[in-house]
Protein chains: 2
Amino acid sequence: MTTQCKDCPLRTKPLFQGMSEEEAQQTQRFKSGELVVDPGTPLMLEGSNAPQLYTALRGMGIRYKTLPNGRRQVINLIFPGDFIGLQAGIMGEMSHSVEATTKMTLCVFDRKAFFNFFRSNTERAFDITWLAAVEEHFLGEALTTVGQRSAESSVAWAMLKVYHRCDALGLAQDRSMPFPFRQQDLADALGLSLVHTNKTLSKLRDAQMARWSDGELNILNYDRLAELAMMQEEEARPRPLI
Amino acid sequence: MTTQCKDCPLRTKPLFQGMSEEEAQQTQRFKSGELVVDPGTPLMLEGSNAPQLYTALRGMGIRYKTLPNGRRQVINLIFPGDFIGLQAGIMGEMSHSVEATTKMTLCVFDRKAFFNFFRSNTERAFDITWLAAVEEHFLGEALTTVGQRSAESSVAWAMLKVYHRCDALGLAQDRSMPFPFRQQDLADALGLSLVHTNKTLSKLRDAQMARWSDGELNILNYDRLAELAMMQEEEARPRPLI
DNA sequence: CGAGGGTTTGATGATAGTCAAAGTGAGTGG
DNA sequence: CCACTCACTTTGACTATCATCAAACCCTCG
């Protein structure tokens with residue numbers, strides 16, 4: 001038995017905008033099933049025209065692009081509530097690949113139904129555009145990080161970014177959250193080498209600012225970390241949930 | 001007398017999707033005027049809630065973010081046909097600033113009318129989302145460049161990227177195009193220092209691959225530049241024009 | 001016990017940053 | 001018409017951040 005949209009465990013999180021019963025019903029009609037995948041499973045392939053779109057319900061993953069020389073850029077991390085495949089839905093082709101890092105549960109939507117869903121309700125169409133704008137916003141920040149921040153500052157930024165997200169999802173407790181990625185993933189996200197990333201992490205650990213081991217991230221000194229990250233305060237704006 | 005949307009000089013460019021008479025009329029109703037600005041004029045401010053949205057009709061500009069330490073990341077360059085202020089239109093706040101580099105002519109839209117425009121026609125709503133998806137696509141590529149490419153490769157990539165765009169706009173001739181930016185702008189876009197950017201440019205010049213001086217960019221050896229840039233072939237997908 | 005994926009550490013060097021100064025050209029005012 | 005300024009580009013010298021290479025270490029798993 002798959003989760004009913006009206007009973008979606010994410011719906012009540014403060015991170016997301018409220019969803020009316022009617023909206024939940026609309027989403028329900030759009031939803032074609034649920035998918036559970038093991039760690040490491042590819043969900044979308046760069047350049048492909050995915051027939052399915054997803055919303056992450058549980059678990060985490062990554063989006064990434066690969067270059068002809070084999071290097072990989074992690075575009076961002078996927079957390080519960082993220083919509084996957086917007087680009088395929090709109091432009092017909094993915095510009096990056098998506099892969100599950102942990103075991104994941106995904107709500108499956110049919111690409112063919114996407115346009116109907118989009119046109120079925122102006123509010124929902126607006127929500128989808130909102131999601132795209134949020135993503136653009138995030139990518140601008142990520143670009144700024146990779147382009148302008150030092151390694152230490154970048155790592156601090158990334159840690160706070162994921163911490164905020166997890167906190168808003170209620171997955172964090174005591175300045176501590178699950179963070180099941182590999183150091184290589186973080187390195188590829190920040191444009192750093194694995195070795196340098198590792199050494200930077202150990203600096204932050206020694207400085208008692210943050211500790212990450214065994215898939216658990218611990219923010220030890222929020223304020224100093226935020227200063228190092230040059231984090232701009234911005235209130236968590238609730239986002240739409242599809 | 002301002003330009004009528006139905007007579008928009010951009011409408012006929014192959015870069016853009018065809019626009020029906022009816023769509024032109026709808027856009028016309030949404031359009032509240034035209035604005036001509038001098039080089040260096042700020043158009044949008046990061047964090048502000050812009051009351052106006054624009055489409056660049058003529059001229060070029062840049063989008064950028066600034067960090068507390070004063071460093072600047074150029075998010076992308078603005079060419080004719082680009083829609084400015086989508087984020088403000090959707091989320092109510094800009095995540096970056098926008099500035100005119102050359103003299104620019106802009107179609108002005110009223111933010112308050114934006115939602116009406118969006119809901120007035122599903123096709124137009126879809127177009128706006130398309131634009132956001134295109135931007136996301138571009139930012140992913142830019143992030144990959146800054147994170148994974150070497151300085152030489154980055155510069156080559158940037159040159160080809162703008163060349164393709166200008167070519168599609170009919171602004172290029174003989175592998176040559178206007179490129180009125182400063183080296184500092186390019187440096188800030190690629191996360192490089194000004195000095196290193198300058199030296200990289202002179203390498204590409206010496207290697208007879210590309211020459212950029214006096215606001216004119218010249219692609220001397222397209223193939224070698226493309227190889228250096230690790231440019232993936234991708235056909236120019238026509239984009240919507242608002 | 002060995003294999004394999006991931007993390008950690010050390011050594012070395014290249015790419016790219018910083019600092020400084022000179023060069024160029026357009027624009028301004030005496 | 002000639003300084004003079006100002007913004008931008010170019011060049012050289014020096015430095016540091018970060019990449020690469022290599023090897024050891026740690027765990028889990030078969």
Side-chain angles (χ1 to χ4, degrees), chain A residues 38-41 60 62 67 69-74 99-103 145-158 178-206 210-218 228, chain B residues 38-41 62 67 69-74 99-103 145-158 179-206 210-218 228:
Chain A
D38 282 331
T41 309
M60 301 183 190
I62 55 175
L67 244 33
N69 67 353
R71 301 188 57 149
R72 179 182 78 146
Q73 175 69 39
V74 169
E99 190 175 303
T101 294
T102 65
K103 182 179 174 194
T145 296
V146 174
Q148 310 299 336
R149 281 184 240 251
S150 67
E152 267 187 89
S153 185
S154 292
V155 171
W157 176 84
F179 196 58
F181 301 91
R182 294 166 306 160
Q183 293 188 2
Q184 185 71 62
D185 296 327
L186 182 62
D188 288 347
L190 299 176
L192 301 170
S193 71
L194 170 61
V195 172
H196 196 58
T197 302
N198 179 287
K199 286 172 179 167
T200 305
L201 286 169
S202 87
K203 265 194 205 169
L204 295 184
R205 202 182 315 126
D206 294 348
R211 165 170 286 119
W212 171 28
S213 63
D214 304 311
E216 190 84 8
L217 173 62
N218 224 299
L228 177 59
Chain B
D38 282 330
T41 309
I62 55 176
L67 244 33
N69 67 354
R71 300 189 59 150
R72 179 182 77 146
Q73 175 69 40
V74 169
E99 190 175 302
T101 294
T102 65
K103 182 180 174 192
T145 295
V146 174
Q148 309 300 336
R149 281 183 240 251
S150 67
E152 267 187 89
S153 185
S154 292
V155 171
W157 175 84
F179 196 59
F181 301 92
R182 294 166 305 158
Q183 293 188 2
Q184 185 71 63
D185 296 326
L186 182 62
D188 288 348
L190 299 176
L192 300 170
S193 70
L194 171 60
V195 173
H196 196 57
T197 302
N198 180 286
K199 286 173 180 166
T200 304
L201 286 169
S202 88
K203 266 193 204 169
L204 295 183
R205 201 181 315 125
D206 294 348
R211 165 170 286 117
W212 171 28
S213 63
D214 304 311
E216 191 85 7
L217 173 62
N218 224 300
L228 178 59

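Predicted model only: the values in this text are computed from it and were never measured. Note on naming: letters A, B, ... go to the chains in the order of the sequence lines (proteins, then strands), and numbering restarts at 1 for each one.
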Exercise. When rounded to the nearest 0.5 angstrom, what is the spacing between OG1 in Thr197(A) and CD in Gln183(A)?
Worked result: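 Answer rounded to 0.5 Å: 7.5 Å.
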Length of the [atom1]-[atom2] vector between [X] and [N], whole Å:
X	N	atom1	atom2	value
Leu201(A)	dC18(D)	CG	P	13 Å
Arg182(B)	dA7(D)	CZ	P	11 Å
Lys203(B)	dT11(D)	NZ	C1'	14 Å
Trp212(B)	dT9(D)	CH2	P	6 Å
Leu186(A)	dC18(D)	CG	C1'	15 Å

For this session: For Glu152(A), enumerate each residue passing the side chain to side chain donor-acceptor pair (under 3.5 Å) test, keeping only those at least two apart in sequence or located in another chain.
Result: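 Not a single residue meets the side chain to side chain donor-acceptor pair (under 3.5 Å) criterion with Glu152(A).
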Problem set entry | Residues in side chain to side chain donor-acceptor pair (under 3.5 Å) contact with Ser154(B), at least two apart in sequence or another chain |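 Expected list: none.
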Problem set entry | OP1 or OP2 of dT7(C) under 4.0 Å from side-chain N/O of Asn198(A) |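 No, Asn198(A) has no side-chain N/O under 4.0 Å of OP1/OP2 on dT7(C).
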Problem set entry | N/O (side chain, Gln183(A)) to phosphate O (OP1/OP2, dT8(C)) under 4.0 Å |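 It does, given that an N or O in the side chain of Gln183(A) lies less than 4.0 Å from OP1 or OP2 of dT8(C).
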Seminar exercise, completed: Contact string for nucleotides 15-24 of chain C, one letter per nucleotide 5' to 3', B = base within protein heavy-atom range under 4.0 Å, S = sugar-phosphate only, - = neither, reads -BSBB-----
Seminar exercise, completed: Protein heavy-atom contacts under 4.0 Å, written 5' to 3' over nucleotides 25-30 of chain D as B (base), S (sugar-phosphate only) or - (none), form the string ------
For this session: Determine the minimum heavy-atom distance between Pro39(A) and Thr101(A), stating which atoms define it.
Result: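 So the two residues come closest at CB-O, 3.3 Å.
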For this session: Return yes when atom CG of Asp206(B) has more than 12 non-hydrogen atoms of other residues, nucleotides or ligands closer than 6.0 Å, and no otherwise.
Result: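 Yes, the 6.0 Å shell around CG holds more than 12 heavy atoms from other groups.
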For this session: Taking Trp212(A) for its side chain and Phe179(A) for its backbone only, find out whether a donor-acceptor pair lies under 3.5 Å.
Result: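 Yes; at least one donor-acceptor contact below 3.5 Å.
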Exercise. Looking at residues at least two apart in the chain, or sitting in another chain, which of them share a salt bridge (Lys or Arg N to Asp or Glu O under 4.0 Å) with Arg211(A)?
Worked result: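 With neighbours one apart ignored, the set is empty.
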Table please: side-chain donor-acceptor pairs of residues 184-195 of chain A below 3.5 Å, with sequence neighbours left out.
unit_1    : atom_1 : unit_2    : atom_2 : d
Gln184(A) : NE2    : Asp188(A) : OD1    : 3.1
Asp185(A) : OD1    : Arg72(A)  : NH2    : 2.7
Asp185(A) : OD1    : Arg182(A) : NH2    : 2.9
Asp185(A) : OD2    : Arg182(A) : N      : 3.0
Asp188(A) : OD2    : Arg72(A)  : NE     : 2.7
Asp188(A) : OD2    : Arg72(A)  : NH2    : 3.0
Ser193(A) : OG     : His196(A) : N      : 3.1

